[in-house]
Protein chains: 2
Amino acid sequence: MVGKRRAEMMEETRAKLVRAARKAFAEQGYAAASMDELTATVGLTRGALYHNFGDKRGLLLAVVNQIDGEMAAQARAVGARAGNAWEGLLAEGIAYIEMALEPEVQRIVLLDGPAFLGDPSLWPSQNNCLQETRRTVERLVAQGIVKPVDPEAAARLLNGAALNAALWVAASPNPQEVLAKAVEAFRCLAGGLLKP
Amino acid sequence: MVGKRRAEMMEETRAKLVRAARKAFAEQGYAAASMDELTATVGLTRGALYHNFGDKRGLLLAVVNQIDGEMAAQARAVGARAGNAWEGLLAEGIAYIEMALEPEVQRIVLLDGPAFLGDPSLWPSQNNCLQETRRTVERLVAQGIVKPVDPEAAARLLNGAALNAALWVAASPNPQEVLAKAVEAFRCLAGGLLKP
DNA sequence: GCCATCACATACGCACCGTACGCGAAACGG
DNA sequence: CCGTTTCGCGTACGGTGCGTATGTGATGGC
């Protein structure tokens with residue numbers, strides 16, 4: 001600890017707060033999470049919070065951006081692993097459904113994020129995972145595999161469908177069975193984009 | 001006012017509070033809306049609120065149920081007006097997109113509702129507008145028009161896609177143009193449910 | 001016409017957020 | 001090497017809002 005520069009220390013403080021926030025927001029929800037408790041769990045006070053993130057929303061923003069980035073990376077990896085471009089799009093969508101089962105993703109990014117930060121497209125992160133899907137759709141349109149739809153619109157609807165599917169699966173008593181149904185229905189819907 | 005019975009009076013105060021809540025929640029969001037202000041605008045105090053709805057969430061629940069019911073009725077009406085069952089499903093979905101442009105629907109039912117009340121399927125209203133879509137899908141499956149998918153799953157994904165489309169449209173600078181794209185993409189996706 | 005009920009108002013305590021200010025250590029210039 | 005400035009963070013304060021406990025006046029049965 002002693003050998004570190006100020007910038008490193010500050011970055012470490014930010015990281016600690018973000019880590020604690022991911023836990024607290026996921027478990028209690030953004031509104032119910034107390035900043036006094038949150039900061040205390042990592043040996044700090046609210047002073048550090050307001051100095052680093054401006055306010056409570058600023059911390060939520062930082063957390064959302066971090067998780068969003070992780071999701072986009074995961075989606076990209078899954079898509080790249082697929083046999084062809086079309087299977088890649090399906091794999092990405094299904095990956096979103098499965099990722100959204102994680103409490104951190106569901107609670108923070110899908111529920112509290114839009115409610116307290118507004119529409120995802122307005123986020124500074126520009127919603128990486130949505131952009132990822134959009135680019136995939138663009139490629140498929142260019143290759144003539146899918147109908148010439150607006151890529152942004154298609155990406156929006158696909159992500160929206162996936163997100164809602166995940167909420168459904170998470171709330172169900174037997175997630176495994178419901179997940180299978182959701183994935184099946186998703187494949188079905190997405191097929192509507194394919195050229196005849 | 002004098003000639004009314006107690007039950008009528010109580011129903012009237014409930015209605016007044018719900019009306020005020022629709023306005024306040026839609027304009028400021030659930031979290032930011034002050035119950036002191038809200039009740040004062042209709043000449044009451046928080047006492048009336050906690051007596052009639054238990055707590056702040058109870059009021060949100062009542063508001064959500066009311067709007068949800070209106071949405072389901074609207075969807076049913078639009079669906080019935082369509083030429084055939086398949087066009088009815090499309091019309092319902094598009095109607096959801098357009099309804100979700102209303103701030104009361106978007107802010108209260110789509111953003112704050114899930115965030116503060118949990119998954120819509122857990123709401124006491126049983127999410128009427130989702131049930132409406134599910135029944136429509138069931139009919140289409142029975143008639144052999146759409147593939148034998150799980151009706152609940154299909155309804156979930158369709159509604160999710162519509163909701164996300166609406167958020168996108170509402171946040172865009174030129175809603176008219178974007179709405180057209182969203183509707184087009186929705187028709188496309190929904191087509192994936194049709195039997196070949 | 002008395003009394004129980006009840007819808008709603010009033011009053012209180014508590015939690016929490018945001019801000020202004022204080023402090024001590026690190027960075028910096030000479 | 002030392003004085004000074006910077007700055008990351010802690011501390012203290014005020015304001016606001018929720019939930020609950022208690023009071024009250026009108027209503028409706030008997």
If you apply the rule side chain to side chain donor-acceptor pair (under 3.5 Å), what do you find for A:Asn174 with A:Glu177, and how did you get there? CA-CA 6 Å; A:Asn174 47 351; A:Glu177 182 187 339; 2.6 Å; yes
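- A cation-pi geometry, defined here as NZ or CZ lying under 6.0 Å from the six-membered ring centre and within 45° of its normal, does not hold between A:Arg107 and A:Phe25.
- As rounded to whole Å, 14 Å separates atom P of D:dG8 from atom CG of A:Leu44.
- One side chain, A:Glu92 or A:Thr136, offers a donor N or O that lies under 3.5 Å from an acceptor on the other.
- In terms of phosphate contacts, B:His51 brings a side-chain nitrogen or oxygen within less than 4.0 Å of OP1 or OP2 of C:dA7.
- Following rounding to the nearest Å, A:Met10 (CE) and C:dA26 (P) show an atom-to-atom distance of 16 Å.
- At whole-Å resolution of the value, CE in A:Met9 and P in D:dT6 are 21 Å apart.
- What separates CG of B:Asp55 from C1' of D:dT20 is a distance of 12 Å, to the nearest Å.
- Not one N or O on the side chain of B:Trp123 forms a donor-acceptor pair closer than 3.5 Å with the backbone of B:Asn128.
- Of the candidate nucleotides C:dC16, C:dT19, C:dC8, C:dC16 has the atom nearest to the side chain of A:Ser34.
- In this structure, A:Lys181 contributes its side chain and B:Ala154 its backbone to no donor-acceptor pair below 3.5 Å.
- Comparing D:dC18, C:dC17, D:dG8 by their nearest atom to the side chain of B:Lys56 picks out D:dC18.
- Side-chain atoms of B:Arg46 come within donor-acceptor range of the base of D:dG19, with a qualifying N/O pair under 3.5 Å.
- OP1 or OP2 of C:dC8 lies within a sub-4.0 Å distance of a side-chain N or O belonging to B:Thr13.
- A straight line from CZ of B:Phe53 to P of C:dA7 spans 13 Å, rounded to a whole angstrom.
- If you check every strand for non-hydrogen atoms under 4.0 Å, B:Gly43 touches sugar and phosphate atoms only.
- Rounded to an integer number of Å, the gap from CD of A:Glu8 to C1' of C:dA27 is 14 Å.
- Contact annotation: A:Asn52 does not reach the phosphate of D:dG8 (side-chain N/O to OP1 or OP2, under 4.0 Å).
- For A:Asn52 (side chain) and A:Ala48 (main-chain N/O), a donor-acceptor pair under 3.5 Å exists by modelled atom type.
- Protein atom CE of A:Met35 is 21 Å distant from nucleotide atom P of D:dT16, rounded to whole Å.
- Nucleic acid contact for B:Thr45: base, since at least one base atom lies under 4.0 Å from a heavy atom of the residue.
- Of the listed nucleotides (D:dC18, C:dC17, D:dC7), C:dC17 has the atom at the smallest distance from the side chain of A:Tyr50.
- Rounded to whole angstrom, the span from the CG atom of A:Leu59 across to the P atom of C:dC17 amounts to 11 Å.
- Ring orientation note: the planes of A:Phe116 and A:Tyr30 are tilted relative to one another, at an angle of 30° to 60°.
- For the contact set between residues 23-33 of chain A and DNA chain C, defined by any heavy atom under 4.0 Å, the members are A:Ala33.
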